[in-house]
Every structure is written in structure tokens, then in C-alpha cells.
Protein chains: 2
Amino acid sequence: MSTLLTLPAKSAPAAVAKVPSAVTRLTLLDTAERLFAERGIDGTSVRDITKAAAANVSAVNYHFGGKDGLVEAVFFRRLAPLNDRRLTRLEAAIKHAGASPVPLEDILDAFIRPSVDELRTGGYTNHFLRLMGRCLQEPNPKLETFLVGVFAEVVGTFNPHFVRALPGLPTGELFWRTSFMFGTLHHALYTWSRFETCQFASMSGMPQTTRLTGEQLVRSLIRYAAAGMRAPFGSEDPLPS
Amino acid sequence: MSTLLTLPAKSAPAAVAKVPSAVTRLTLLDTAERLFAERGIDGTSVRDITKAAAANVSAVNYHFGGKDGLVEAVFFRRLAPLNDRRLTRLEAAIKHAGASPVPLEDILDAFIRPSVDELRTGGYTNHFLRLMGRCLQEPNPKLETFLVGVFAEVVGTFNPHFVRALPGLPTGELFWRTSFMFGTLHHALYTWSRFETCQFASMSGMPQTTRLTGEQLVRSLIRYAAAGMRAPFGSEDPLPS
DNA sequence: GCCGATTTCAAACGTTTGTTTGAACGGTGT
DNA sequence: ACACCGTTCAAACAAACGTTTGAAATCGGC
């Protein structure tokens with residue numbers, strides 16, 4: 001339930017030189033992250049994980065209290081610093097803007113860049129990027145409430161600045177455009193992170209120019225999302241049937 | 001493998017008055033669609049399906065040759081007419097445009113509208129919409145190759161018209177913007193179709209103005225995607241750090 | 001009313017799932 | 001040397017998994 005980061009038993013006294021080995025714990029987290037990204041959570045058994053991690057089957061239950069605890073730990077390990085980065089970058093953009101509204105591109109940069117950039121540079125592999133692109137649609141209900149809670153603070157902090165940066169846009173429309181931006185980001189992460197072996201690359205004879213660096217992907221995403229969120233709203237020309 | 005729509009045994013002779021009952025088959029497809037959307041494919045057992053459908057456990061194997069066959073049938077039943085609709089609408093837009101390039105909004109309309117609109121009006125429930133939003137990220141490899149094959153024709157047909165409608169846009173950038181549009185659409189379908197019971201609605205105190213009709217969602221999506229795909233491309237002002 | 005084909009059914013198949021158990025291991029402090 | 005604590009391990013647990021089986025039930029055509 002609420003035992004998100006509580007280590008297994010490890011009675012808290014003398015908490016100085018803690019985490020004696022924790023190598024098995026880390027290996028389990030890494031391999032679980034990789035396998036979850038490749039086969040999904042339900043498609044990965046604890047035996048798959050422990051076998052790939054060269055650990056015992058019961059290690060998952062010992063270190064994480066069960067498979068559910070491992071799932072939460074896998075996501076929490078990445079999501080917490082990711083969202084910290086987002087908030088930090090937004091703070092910087094707010095300070096840089098002074099009293100005037102934060103430019104839309106800066107808000108999007110603070111939101112998007114950590115997903116693509118910081119996650120990779122911190123010794124992270126591409127596996128969590130694939131997992132990120134999928135996480136919102138994982139059917140695990142516990143995970144869903146957990147993710148919603150983690151994201152709530154971020155969205156709540158970003159939303160007022162979107163409102164200021166896009167004056168005149170109705171609240172409902174802004175909600176949906178934010179959701180569109182979310183979907184754009186997640187699908188792009190999923191596609192980009194697995195592009196090396198992606199079957200979609202052969203869909204329409206795609207050339208090699210589709211390979212992007214992380215920085216290029218960030219810029220493309222911001223360009224696309226900024227233009228989309230700034231799209232004129234109102235009863236313009238009706239669409240043809 | 002390639003037995004996508006082949007009925008179980010049913011030796012083909014006297015193929016006139018076929019499909020004697022097929023009520024069990026249809027019930028299984030409907031309930032499987034619903035449960036797949038709610039719990040994911042791996043999270044749904046054949047016993048869950050057959051129990052909810054008031055059928056026998058072996059019915060899945062009899063009618064579809066196994067769970068994999070059922071999965072393919074669930075997707076194929078919706079995807080085939082959906083993509084037919086897309087191609088038909090694109091044809092109409094091409095004819096309407098004459099020799100000039102098809103307007104970007106018309107291309108997007110032909111691509112997006114069937115997903116939101118036609119799928120619902122044809123007696124479809126919302127369940128496949130949720131499944132649609134998730135299908136590209138289902139870890140089932142067989143399903144993936146199947147979906148890629150189904151979508152290949154559509155993408156191959158739409159791409160040349162995107163090229164004409166967006167002159168000057170590099171091929172690589174166009175690929176990614178198309179992918180962005182794809183992600184936008186799928187995430188929007190997922191969010192919109194489950195909005196009634198969606199936890200995201202409570203994330204930032206969203207008002208009731210976020211409820212959209214299908215038509216409103218289509219127009220919002222087209223506005224957003226059109227603006228995003230038309231975003232200026234080049235080495236403009238560098239983003240702030 | 002009977003026959004052959006089609007469909008349903010209860011029961012069981014072997015495998016895999018997540019989890020638990022209790023003993024053995026490997027350090028550290030005394 | 002001893003006891004202690006955190007960790008690992010092989011073995012087993014009941015439950016659920018997809019699938020198979022062979023016998024009933026159902027139906028249409030003659």
C-alpha cells in the first residue's frame with residue numbers, strides 16, 4: 001500500500017552505514033525495468049526477472065515484498081527524480097521570466113526535456129524510456145493510482161503557467177491540449193527509444209534521416225507541441241465532410 | 001500465422017447459408033474486447049472471458065484456435081473496416097482537391113475521424129477505443145507484426161499526401177511529426193473513451209467543460225495536429241537552457 | 001425419426017504463476 | 001570462538017494458466 005520506499009525489514013536504528021550490499025536489489029531493479037519494457041509487466045514473471053538477474057526466486061519477495069512492490073519500486077526510482085527535474089526547470093524558467101508569463105516554449109522545455117535528456121544521461125538505459133511510453137496504459141490499477149499521484153503535483157504546478165502562456169484558451173480546451181502533448185511525448189519516447197529494432201522503420205521505406213539525437217527529439221517535440229497548443233481556437237471554417 | 005479470419009473447421013463446401021449461429025463467437029469477441037481494454041491482453045485469461053460470456057472454457061479454442069487467434073480476431077474485426085474508412089475518406093478528399101494538393105486538414109480528417117466517429121456509430125462500444133489507444137504498445141509480438149501489416153497500407157497511402165501538403169519539410173522531420181500525430185490520436189482516444197471513470201479528471205480539479213463530444217474531439221485533434229505538423233522548421237532561436 | 005455435422009460441456013491435462021518455508025551462508029561485533 | 005543479523009538458496013506450496021479430450025447436446029436435411 002503505502003510502503004513505497006520502505007526497505008524490507010532493516011530495522012531503522014543506527015541508520016548511518018546502511019545499504020550493506022544492495023547489489024541484488026539494484027540488479028533486480030535494472031533487469032525488471034528492462035524486461036517490463038520489453039514484455040510488459042503482466043508478461044514478465046518473477047522467475048524471468050530473477051533468472052536474468054542471476055538471483056534466487058525468493059529475492060523479489062525478500063527485497064520488495066512481492067511483485068507489486070517491485071513494480072512500484074521500478075517506477076518510483078525513475079519517476080521521482082524525473083519530476084523533480086521538471087519542477088526545478090520550471091522554477092528556473094519562472095525566475096528567468098520575472099513578472100511576465102513564462103514563454104510556452106520554456107514551459108514545454110521544462111516538461112519535455114527531462115524525459116528525453118536527463119533520464120538518459122544519468123546512467124539510465126533506454127529501457128525506462130520504453131517503459132515510460134507504456135506506463136500510463138499499463139492495466140495495473142495499483143500502479144495507475146500510484147502514477148496519478150506522482151504526476152498530480154507536476155501537472156498542478158505546470159497548469160497555471162500554461163493558462164498564462166495561452167490567454168483566451170478555454171479551460172476545457174487547454175486540458176485536452178495538455179493531454180495531447182502528454183500523448184505526443186509518450187508515444188515519441190516509445191518510438192524513439194526502440195527505433196533501432198523498430199518494425200515501424202520499414203513501414204514506408206523510411207530513410208536513415210529519421211534517426212534523431214536526444215536534443216533533436218526534444219526540439220522537434222517542443223516545436224510540434226508549442227504550435228499545436230497555440231493553434232487558433234474558435235468556430236473557424238467548418239471541416240469538409 | 002496467416003490464419004487471420006479462417007473459421008475453425010467448417011469445411012468450405014455449400015458456403016451459401018453459412019454462419020449458422022455464431023452467437024457464441026460474437027459474444028466472445030465482444031467480451032474479449034471489453035476485458036482486453038480494461039485489463040490488457042496478458043491480464044485477461046480465457047477463463048475470465050468465457051466466464052463473463054457465459055460460455056465454456058474450450059469455446060475459445062474451438063472458435064478461434066486459441067487465445068492468440070482470439071486476440072487477432074478482436075483487432076481484425078475493428079481495424080479492417082476502420083482502415084477502409086480512412087482510405088475511402090482520403091480518396092474522396094483527393095477527388096475533391098483535383099490536381100492541387102489535398103489540404104492538410106482534409107488529410108488529417110480522413111485519418112482521425114474514422115477512429116473517433118465511425119467506430120462509435122457502427123454499434124461499437126467504447127471498449128475498442130480504449131483498446132486502440134493501447135494496442136500499439138501491447139507487448140504481444142505476433143499482434144505487433146499483425147498491426148504493422150494492417151497499418152502499413154494506410155501509412156503508405158497517406159504519406160505522399162502529407163509530403164505534398166507540407167512542402168519543404170524534410171523527410172525525417174515529417175516522419176516524426178506523423179508519429180507525433182499518431183501518438184496524439186491514440187492517447188486522446190484512450191483518455192477520452194475512459195473519461196467517465198478516469199482518475200485523471202481529478203488531477204488538477206478539472207471542470208466539467210472537459211467533456212467533449214466525438215465531433216468536438218475530432219476538431220480539437222485536427223486543430224492541434226495540423227498546427228503541430230505545420231510548425232516552422234529550421235534553425236530558429238535556440239531554446240534557453 | 002433418424003443421421004451426420006456442428007456446437008457445447010465437464011473434466012482433466014501439464015505447465016507456469018506468485019509466494020512461502022526453513023535451512024544454510026557470510027560477514028561483524030564482542 | 002561465539003552469537004547475531006542480513007542475505008541467499010533449493011524446495012515446495014496452492015492457485016491459475018492455456019489447452020486437450022471425449023462424450024453429450026443441438027441442429028438441419030432427408
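Remember, predicted model here, so these are calculated numbers, not experimental data. Chain A is the first sequence line, chain B the second, and so forth, proteins listed ahead of strands; every chain is numbered from 1.
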**Prompt:** Any side-chain N or O of Thr24(B) under 4.0 Å from OP1/OP2 of dT8(C)?
**Reply:** yes

Here the salt bridge (charged side-chain N to carboxylate O under 4.0 Å, His left out) pairs for residues 174-186 of chain B, sequence neighbours left out, are Glu173(B)-Arg177(B)

Distance col, row Leu29(B):CG vs Phe75(B):CZ, nearest 0.5 angstrom, shows 12.0 Å

Separation of dT19(C) atom P from Leu70(A) atom CG, nearest Å, is 10 Å

Taken in chain and number order and not counting sequence neighbours, the residues that satisfy side-chain contact (heavy atoms from CB on, under 4.5 Å) with Asn83(B) are Arg86(B), Val150(B), Phe151(B), Val154(B)

In whole angstroms, the gap separating C1' of dA16(D) from CZ of Arg39(B) amounts to 14 Å

Closest of dC9(C), dG18(C), dA10(D) to the Asn56(A) side chain is dA10(D)

Could you tell me whether Tyr190(A) and His186(A) have their ring centroids closer than 6.0 angstrom? no

Asn61(A) CG to dT19(C) P, in whole Å, measures 5 Å

For Glu91(B), the side-chain contact (heavy atoms from CB on, under 4.5 Å) test, sequence neighbours excluded, returns none

Residue set satisfying ring-ring contact (aromatic ring centres under 6.0 Å, His included) with Phe162(B), at least two apart, ordered chain then number -> none

When rounded to whole Å, the CG to P distance for the pair Asp42(A) and dA16(D) reads 15 Å

Those residues at least two apart in sequence (or on a different chain) that pass side chain to side chain donor-acceptor pair (under 3.5 Å) with Thr88(A) are none

The side chain to side chain donor-acceptor pair (under 3.5 Å) partners of Asp30(B) (sequence neighbours excluded) come to Arg77(B)

- Query: Should the pair Phe182(B) and Phe111(B) be assigned to parallel (<30°), tilted (30 to 60°) or perpendicular (>60°) ring geometry?
  - Reply: tilted

Just to confirm, is there a sub-4.0 Å distance from OP1 or OP2 of dT8(D) to any side-chain nitrogen or oxygen of His63(A)?
yes

Ranking dT19(C), dG18(D), dT7(C) by distance to the side chain of Tyr62(B), first place goes to dT7(C)

Whole-Å distance, Phe64(A) CZ to dT19(C) P, equals 13 Å

Within residues 45-55 of chain A, those residues having any heavy atom closer than 4.0 Å to DNA chain D are Arg47(A)

Rounded to whole Å, CG of Leu28(B) lies from P of dT19(D) at a distance of 14 Å

Whole-Å distance, Leu26(A) CG to dT7(D) P, equals 12 Å

Contacts of Ala32(A) meeting side-chain contact (heavy atoms from CB on, under 4.5 Å) (sequence neighbours excluded), chain-then-number -> Phe36(A), Ile49(A), Leu70(A), Val74(A)

When rounded to whole Å, the CZ to P distance for the pair Arg25(B) and dT7(C) reads 10 Å

Quick tally for nucleotides 24-29 of chain D: nucleotides whose base has a protein heavy atom under 4.0 Å get B, sugar-phosphate-only ones S, the rest -, giving ------

Contacts satisfying salt bridge (charged side-chain N to carboxylate O under 4.0 Å, His left out) that involve residues 43-68 of chain A (not counting sequence neighbours) are Arg39(A)-Asp48(A), Asp68(A)-Lys142(A)

Hits for side chain to side chain donor-acceptor pair (under 3.5 Å) against Thr44(A), two or more places apart or cross-chain, chain-then-number order -> none

Those stems involving DNA chain D that have three or more consecutive Watson-Crick or G-U pairs, both distances under 3.5 Å, are C:4-6 with D:25-27, C:8-17 with D:14-23, C:19-30 with D:1-12

